[in-house]
Amino acid sequence: MKSKYQKIKGTFDILPTDTRLWKEMENILHNISQQFSYEEIRTPSIESIDLFKQNVGYETDVSKEMFTWEDLSNQQIALKPEMTAPVVRAYIEGGLYRSNPLCRLYYIDSLFRREKPQKGRQRQFNQFGIEAFGSSNIEQDVEVIMIAATCLKTLNINETTLHVNNIGSPETRTQYEGLLKKYFTQNIGVLSSLSKKRLETNPIRILDSKEQEDQSIIKNAPIIKELLTDSEKEDFNMLLSNLDTLNIKYEESPYLVRGLDYYNGTTFEITTRSNKSQNALCGGGRYDFLVEQMGGPSTPAIGFAAGMERMIIESQYQVEKNSIDIYISSNDLNHSRKCFTVMQNLINNNYTVFFDTNKKNVKNQMKDATKRNASYLLIIDKKITVKNIKSNDEIAVSDFHELLNFLKNQ
RNA sequence: GUGACUGUAGCUCAGUUGGUUAGAGCCCCGGAUUGUGAUUCCGGCUGUCGUGGGUUCGAGUCCCAUCAGUCACCCCA
């Protein structure tokens with residue numbers, strides 16, 4: 001039936017059959033995070049526009065539009081389009097750098113971007129992610145990737161590829177950018193028009209180009225690894241050998257450069273093996289300079305974010321059907337008081353109940369109880385009859401105490 | 001934001017070159033049969049054919065606009 005109203009473009013409802021899967025997946029992510037001793041952080045949905053414009057590079061990218069408005073006190077406000085900047089803001093503002101020098105955080109939250117919707121790309125979408133502050137050691141990078149891999153494996157998402165790279169320090173990156181610019185300028189004749197444009201704005205992005213004509217040029221482009229210092233190379237090798245130890249398969253992707261401009265050092269991405277355009281499940285990397293840039297003390301950090309919707313699309317995880325303990329059947333309003341008293345007692349004893357307020361006949365209630373996966377049927381009229389639906393055992397009880405005994409002895 | 005395609009009951013879909021009162025299966029509701037609440041059978045509910053215009057004697061079918069979705073680009077989780 002057509003509703004008078006329609007959901008906003010790029011948003012979606014999660015109806016009861018789907019909330020079961022969502023809750024199950026959220027539980028798994030909460031549990032894994034907590035197993036690794038990461039603690040949950042929740043930040044507001046709205047932030048000042050400047051938080052994103054000044055730190056994430058959002059003003060440079062037109063298509064990555066934020067939902068923004070000016071409120072009544074002339075404050076420029078944005079619905080948060082990503083989580084790292086808000087988490088870093090809260091980390092600094094909450095003084096976590098003092099109280100918790102090695103601070104590990106995780107979140108599951110809704111984000112908002114005004115993009116053209118597609119499957120796996122909504123305007124309000126949900127991300128799970130972690131941020132680890134305070135360690136510049138490569139072990140921290142290994143742990144973060146390990147958590148991402150553990151989550152996907154537990155969620156039963158198997159056809160994935162982990163891409164890893166090291167993009168070095170900001171200086172290395174600037175140097176590399178110059179090198180690329182030079183290289184692509186030499187080959188400008190064969191570049192696609194899109195890439196020609198990017199040569200001016202952001203030459204590194206040419207490496208991500210999907211244009212056919214760019215591919216052969218990209219294949220022979222200089223790679224950043226050649227510019228890394230010895231210690232950076234050593235770190236990268238250590239990361240890879242630890243991944244080997246953990247039996248986490250990876251691909252070195254020399255041209256993997258994360259979209260947001262605060263990254264340095266290790267970057268990684270986990271994609272599905274399909275050719276879909278929205279195939280990035282998870283992406284992250286190190287951002288050792290962001291905390292300081294945002295006014296906090298110089299603090300190394302690394303994290304990742306994973307798209308909940310995309311993980312749910314890819315997951316083979318099966319959730320069990322809902323079930324209830326007691327189906328309460330009564331066809332006479334005169335017994336209402338008795339029903340509610342019994343129901344209250346059952347609830348207080350931690351049973352799940354279903355009370356048929358539609359007053360179907362007993363035969364249909366029986367059908368209904370089976371369909372709802374009920375364990376017992378409770379028929380309340382002048383007496384109380386309890387029936388074990390699987391075994392067909394049936395007994396009349398005189399009071400709640402007797403009912404409880406029957407249930408406990410099953 | 002650009003381009004292409006799609007839009008018929010809650011769901012999956014039929015609907016012939018435009019032609020009477022728009023169909024099926026599943027689901028849901030009820031009944032019958034039944035040594036089960038399984039099977040089988042019967043009946044019922046739900047649609048201004050995404051929305052708004054236009055062409056036509058006549059539009060679910062053709063045209064335009066609009067909204068939404070899907071795919072690719074783009075972007076990224």
Side-chain angles (χ1 to χ4, degrees), chain A residues 1-13 15-17 29 56-58 60-66 80-84 107-130 148 151-152 157 160 192-195 197-198 202 205 208-212 214 256-261 263 267-272 274-285 303-314 327 329 358 360-374 376-377 379 387-392 394:
Chain A
M1 200 167 291
K2 205 157 51 245
S3 165
K4 195 170 162 189
Y5 304 101
Q6 196 176 17
K7 56 183 165 289
I8 298 290
K9 180 186 199 164
T11 66
F12 59 100
D13 300 307
L15 300 175
T17 43
L29 296 170
V56 188
Y58 263 70
T60 55
D61 219 323
V62 197
S63 59
K64 208 159 44 187
E65 279 185 90
M66 287 187 278
K80 57 183 171 187
E82 61 102 42
M83 271 304 274
T84 301
Y107 56 83
I108 297 176
D109 212 337
S110 281
L111 302 174
F112 305 83
R113 290 181 199 169
R114 228 197 100 87
E115 295 182 287
K116 185 162 176 180
Q118 226 165 58
K119 195 172 187 182
R121 184 169 79 179
Q122 276 76 32
R123 288 186 169 189
Q124 177 178 353
F125 61 104
N126 298 279
Q127 278 190 349
F128 160 72
I130 69 171
C151 289
L152 292 180
I157 301 169
T160 61
S192 65
S193 55
L194 188 63
S195 291
K197 230 176 276 170
R198 287 197 275 223
N202 193 354
R205 287 223 59 84
D208 287 339
S209 169
K210 286 175 186 166
E211 304 288 325
Q212 195 67 48
D214 293 339
L256 172 66
V257 265
R258 301 238 40 85
L260 308 180
D261 48 6
Y263 286 106
T267 59
F268 69 98
E269 186 169 281
I270 301 177
T271 58
T272 64
S274 66
N275 290 321
K276 295 254 179 189
S277 66
Q278 309 301 326
N279 68 349
L281 290 173
C282 169
F304 73 77
M308 292 290 291
E309 288 79 11
R310 293 182 187 184
M311 291 197 292
I312 280 181
I313 291 168
E314 294 301 320
Y327 190 105
S329 141
N358 265 353
K360 302 189 201 205
N361 65 40
V362 178
K363 186 185 164 74
N364 284 332
Q365 282 174 334
M366 189 69 205
K367 274 190 188 174
D368 198 28
T370 309
K371 205 165 56 195
R372 291 175 191 275
N373 250 341
Y376 299 95
L377 178 71
I379 302 162
K387 178 173 181 169
N388 182 324
I389 291 179
K390 276 167 202 123
S391 69
N392 260 337
E394 189 177 313

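Each chain gets a letter, A, B and so on, in the order the sequences are listed, and its residues count up from 1. None of these values were measured; they are calculated from a predicted model.
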| request: For A:F304, answer base if it contacts any base atom (sugar-phosphate contacts may also be present), sugar-phosphate if it contacts only those atoms, and nothing otherwise; contact means non-hydrogen atoms under 4.0 Å. | output: nothing

| field | Pairwise P distance for B:rC42 and B:rG25, with rounding to whole Å | value | 10 Å

| message | For a quick check of understanding: with a heavy-atom distance under 4.0 Å over all strands, which category does A:G120 fall into, base, sugar-phosphate or nothing? | response | base

| remark: So CG of A:L256 and OG1 of A:T271: to nearest 0.5 Å the spacing works out to 9.5 Å

| query | Quick one: is A:K9 getting a side-chain N or O under 4.0 Å of the B:rA68 phosphate, OP1 or OP2? | reply | yes

| request: Using the P atom as the reference point in each nucleotide, state the distance between B:rU61 and B:rU39 in Å, no decimals. | output: 40 Å

| Within the pair A:S277 and B:rC73, is there a side-chain N or O less than 4.0 Å away from OP1 or OP2? | yes

| Spacing between A:K367 atom NZ and B:rC29 atom C1', to the nearest angstrom | 10 Å

| Just checking A:L377: base, sugar-phosphate only, or nothing, at a heavy-atom cut-off of under 4.0 Å? | nothing

| query | Starting at the 5' end of RNA chain B and moving along, which residue's nearest nucleotide shows up first, A:E309 or A:K119? | reply | A:K119

| task | May I have the distance from A:Q122 (atom CD) to B:rU70 (atom P), rounded to whole angstrom? | result | 7 Å

| Interatomic distance, A:L152 atom CG to A:L29 atom CG [nearest 0.5 angstrom] | 9.0 Å

| request: Go through B:rG31, B:rC74, B:rG37 for me and flag the one nearest to the A:K387 side chain. | output: B:rG37

| More than 12 heavy atoms of other groups within 6.0 Å of A:L15 CG | yes

| request: Just call it for A:Q118: base, sugar-phosphate, or nothing, with non-hydrogen atoms closer than 4.0 Å on any strand. | output: base

| request: Verify the distance criterion only: is there a donor paired with an acceptor across the side chains of A:Q124 and A:S110 at less than 3.5 Å? | output: yes

| With a 4.5 Å limit on heavy-atom distance, are the side chains of A:F125 and A:R113 in contact? | yes

| request: Using the P atom on both, measure B:rU46 against B:rU34 and round to a whole Å. | output: 32 Å

| remark: Between NZ of A:K116 and P of B:rG3 the distance, given in whole Å, is 8 Å

| task | Verify the contact: side-chain N or O of A:K276 to OP1 or OP2 of B:rC71, cut-off strictly under 4.0 Å; return yes or no. | result | yes

| If we take the P atom in both B:rU66 and B:rC76, what is their distance in whole Å? | 29 Å

| note | Rounded to whole Å, CZ of A:R121 lies from P of B:rU2 at a distance of 13 Å

| said: What's the closest nucleotide to the side chain of A:R113 if the choices are B:rC76, B:rG69, B:rG31? | reply: B:rC76

| note | Rounded to the nearest 0.5 Å, the CD atom of A:Q122 sits from the CD atom of A:E309 at a distance of 5.0 Å

| Bracket string, RNA chain B, 5' to 3' - pairs by Watson-Crick or G-U geometry under 3.5 Å, | interstrand | (((((((..((((.....[...)))).(((((.......))))).....(((((..]....))))))))))))....

| request: Determine the Euclidean distance between corresponding C1' atoms of B:rG3 and B:rC74; express it in Å to zero decimal places. | output: 11 Å

| Taking OP1 and OP2 of B:rC29, is either one under 4.0 Å from a side-chain nitrogen or oxygen of A:K360? | yes

| query | Are the side chains of A:S277 and A:Q118 in touch, meaning some heavy atoms are under 4.5 Å apart? | reply | yes

| field | P-based separation of B:rC62 from B:rC5 [nearest Å] | value | 13 Å

| query | Rounded to the nearest 0.5 Å, how far does CD1 of A:I130 lie from CE of A:M83? | reply | 13.0 Å

| Closest-nucleotide ordering on RNA chain B, the 5'-leading residue of A:A305 and A:S391 | A:S391

| query | Between A:E115 (CD) and B:rC76 (C1'), how many Å, whole number? | reply | 6 Å

| query | Could you state the interatomic distance from CD (A:Q278) to CD1 (A:I313), rounded to the nearest 0.5 Å? | reply | 9.0 Å

| Quick one: is A:N279 getting a side-chain N or O under 4.0 Å of the B:rC76 phosphate, OP1 or OP2? | no

| request: Would you mind reporting whether A:E394 and A:N388 have side-chain heavy atoms less than 4.5 Å apart? | output: no

| query | Atom NZ of A:K371 and atom P of B:rC26: how far apart are they, to the nearest Å? | reply | 15 Å

| task | Round to the nearest Å and state the distance from A:R123 atom CZ to B:rG69 atom P. | result | 8 Å

| task | Rounded off to whole Å, could you give me the CG-to-C1' distance for the A:N361 and B:rG30 pair? | result | 9 Å

| request: Taking only the side-chain nitrogens and oxygens of A:N392, find out if one of them lies under 4.0 Å from OP1 or OP2 of B:rG37. | output: no

| task | Please state the C1' separation for the pair B:rC63 and B:rU56 - nearest whole angstrom. | result | 12 Å

| request: Pick the C1' atom in B:rA24 and in B:rA14, then give their distance to the nearest Å. | output: 7 Å

| query | Among B:rG69, B:rG37, B:rC76, which nucleotide sits nearest the side chain of A:M366? | reply | B:rG37

